[in-house]
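Proteins come first, then strands; the chains are lettered A, B, ... in the order of their sequence lines, and each starts at number 1.
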Amino acid sequence: FIQRLLRIEVSLALKEGRISPTELCRKCLNRIKKTHHLNAYITVSEELALKQAHEAESRLSKGVSKGPLDGIPFAVKDNFCTENIKTTCASNMLKDYTPPYNATVVQKLLDQGAVLMGKTNLDEFAMGSGSTDSAFGPVRNPWSYEAAYREKSGADPDADWVIAGGSSGGSAAAVASLTSFFSLGSDTGGSTRNPGALCGVVALKPTYGLVSRHGLIPLVNSMDVPGIITRSVHDAATVLGVLQGHDVKDSTTVTDHPTPLTGLPDDFDPRNIRVGIPKEYHGPGLSQETLAQWSRVADMFEQAGFQVEQVSLPHTQHSIVCYHVLCHAEVASNMARFDGLEYGHRSDVSSSTEAMYAATRHGGFNDVVRGRILSGNYFLLKQNYEHYFVKAQQVRRLINEDFRRVFGSGVDVLLTPTTLSDAMRHTDFVQEDNRTRSAQEDIFTQPANMAGLPAVSVPTALSSRGLPIGLQLIGPAFQDRSLLTVAQWIEQKVGFAPIRYHGDAGEGEIRVDVLPSTPTVWEKNYLIPC
Amino acid sequence: MSVVNYARTLQKVILNIGPRCYHRWVTTASVALRIRDSKQNFRCRLWCGLLTPVHYQYSTEGNTSKAKQVPADLVDKLERLALVDFPNQEGLVCLKKAIRFADQLHVVDTEGVDPMDSVLENRALYLREDVVAEGDCADRLLQLSKDTVEEYFVAPPGNIPLPGREEC
């Protein structure tokens, strides 16, 4: 029964002694073994996890808990450095790399007593939107194996499995498949929110500068943020409270951050909150079901008394192109550190330094990474610098101004879809190349990265294929707490049921409580059949 | 005219305007709700804005009418700068697609706009005291490399340019 519970309930259960941290850890490890086919984990740190669980148990027995996360299993995306645990970024380049230090966010969680289950799978170097381009194989969405998907779409999970989203697909799959209670992802263009929406879990991207990036192997320095994936908004708030804060080792963290969250307010007056619906997010390719969910939640807001209004972010359609240029340019710069000399894969070529570097990078990177480095270098050539890179930076300012204007006019939060549709089948997803897919899938999520704003994806319902659909809320910078308050309200109202299973040790049949598909009251009264 | 009839008429009008009004029930339901609430004022506010989606000027394939040429010497130069080779002809095609995609940025008017480096540009950078706070870990770092001699990373001879494509 344990995996049904949310982190907050498990914390209580641990405190009250209804279950011990070691038992909890063992259950999660068993579950990881059972869900091995999902390929969510690259490295499972079994011994370390049990050791940490033992320590948590002795602490709890003495009554000296380290905090709300003491003894709770979690997973970390494999581009965060973890001391003495292989950190690969799903790439051949770092296949045997073991960092000598912990990333700040990982260290903070370990200091709180959380139990590290392992490192999760991702797209190589976090480049991608499907978790399909990993050196260790693609990640499967746990919902592919649920009764809802099988029944509603008649698909065979082994042949028609759907993608988990990317690039933090492994982290989202780990939380959705109940092998850990929360996990860390990284969000550069939506890499946490995209898999969060496709796997039906809560995915938070905090404000840029709130959480330290020290130890996160960088992709785009001006947009990367460690992301938090949990099964409930309250858990996301708790983890953010632990992780946020200035870090001396990361000069892009702010010193005047808001005080850490100790909880989210339950009572607030909806009439004081203005929700904006940006009309440009109703773009080409948006599926009817996602549109219906978006509309449903907007109406839910209005019925409850929120002030809902349409807003305009005119540069939205140019955002993805701008992101493309800036991302490739920064990637070209950040990937330059991988030359095989000080760490990582090194080729045997020794005729010259440059030949060795070139051969190392040829062997270490896959086509996607190499493609991005080359196009990034193209955009940074002297003859192209003004034309592409500076132009993109100017467009970035325009996008930022759009958001500033909207939030400055008094809007408190924006409601948008997270992805174009529910999860695609893997066989369909790989029909197009990585760059095209990223351009399609990141369209709603990357504007928040461009402007450094906090955003959270909340699952709202299952689609007609039995797969989750999520909606995104974007808030003003450093207003993560208010953002999560509204997200919690949605979560409570939509009542999305995560993956559950009956019976212990996963022997029971896996069933999903699907939302009723009967129309709501207002739909019955006002729906006019065409 | 009753509210429902009004909404039905409006629905017909809406359907005739939009070329592909596939989200009919959602939009119409929203319209009817607004009309019912604001009895004095028959202003309609529609959700997810619109009857039809916003038309985006860009496409994921980029502007295919103006194909960008990438001359061979530029390919060579990029490979030397990046120290990464094009995987094959497909790689070059990918680069061209990426350039075409990026070219769509130029429809935006950015006259007089300052480039933005960072979203935290209005904040002062935190500076700490210039004292050594940690370090002394040379041994651990040297262990990570495949080829070291005492305290040195071993590199092949430098100052030898990469051979060009035709020389390989």
Rounded to the nearest 0.5 Å, how far does [atom2] of [Y] lie from [atom1] of [X]?
X: B/Q104; Y: A/I320; atom1: CD; atom2: CD1; answer: 11.0 Å
X: A/F379; Y: B/I99; atom1: CZ; atom2: CD1; answer: 6.5 Å
X: B/Y126; Y: A/D250; atom1: OH; atom2: CG; answer: 12.5 Å

Non-hydrogen side-chain atoms of [X] and [Y] separated by less than 4.5 Å:
X: A/S351; Y: B/I160; answer: no
X: A/E354; Y: B/L83; answer: yes
X: B/L81; Y: A/L381; answer: yes

Return the set of residues passing ring-ring contact (aromatic ring centres under 6.0 Å, His included) with A/F389 (not counting sequence neighbours), or none when no residue passes. A/Y385

Who wins among B/V154, B/T148, B/T110 for the most heavy-atom pairs under 4.5 Å with chain A? B/T110

Heavy-atom closest pair, residues [X] and [Y]:
X: A/N377; Y: B/A82; result: OD1-CB, 3.4 Å
X: A/R346; Y: B/P156; result: NH2-CD, 3.9 Å
X: A/S375; Y: B/A98; result: CB-CB, 4.0 Å

Using non-hydrogen atoms only, which part of [X] is less than 4.5 Å away from chain B: side chain, backbone, both, or neither?
X: A/A477; value: neither
X: A/A355; value: both
X: A/V325; value: side chain
X: A/M450; value: backbone
X: A/T416; value: neither
X: A/T253; value: neither

Less than 4.5 Å to any heavy atom of chain A: does that hold for the side chain of [X], its backbone, both, or neither?
X: B/L74; result: side chain
X: B/L105; result: both
X: B/L95; result: side chain

Is the backbone N or O of [Y] less than 3.5 Å from a side-chain atom of [X], with the two atoms forming a donor-acceptor pair by type?
X: A/R361; Y: B/V84; answer: no
X: A/K391; Y: B/V108; answer: yes
X: B/H106; Y: A/H387; answer: yes
X: A/T353; Y: B/P157; answer: yes
X: A/S352; Y: B/G158; answer: no

Can you tell me which of A/R372, A/E342, A/H246, A/R396 forms the most heavy-atom pairs within a distance under 4.5 Å of chain B? A/E342

What residue, out of A/S251, A/A392, A/S350, A/G376, has the most heavy-atom pairs lying under 4.5 Å from chain B? A/S350

Taking only distance into account, with no hydrogens and no angle test, what donor-acceptor pairs under 3.5 Å do side-chain atoms of residues 112-122 of chain B form with protein atoms, sequence neighbours excluded?
{"residue": "B/D117", "atom": "OD1", "partner": "A/Q393", "partner atom": "NE2", "Å": "2.9"}
{"residue": "B/S118", "atom": "OG", "partner": "B/L120", "partner atom": "N", "Å": "3.0"}
{"residue": "B/E121", "atom": "OE1", "partner": "A/R397", "partner atom": "NH2", "Å": "2.9"}
{"residue": "B/E121", "atom": "OE2", "partner": "A/R397", "partner atom": "NH1", "Å": "2.9"}
{"residue": "B/E121", "atom": "OE2", "partner": "A/R397", "partner atom": "NH2", "Å": "3.3"}

Partner set under salt bridge (Lys or Arg N to Asp or Glu O under 4.0 Å) for A/E330, not counting sequence neighbours: none

Enumerate by number any residue of residues 129-140 of chain B whose heavy atoms lie under 4.5 Å from heavy atoms of chain A; in the absence of such residues, state 'none'. B/E134, B/R140

For A/Q383, does the CD atom sit with more than 12 other heavy atoms under 6.0 Å from it, leaving out its own atoms? yes

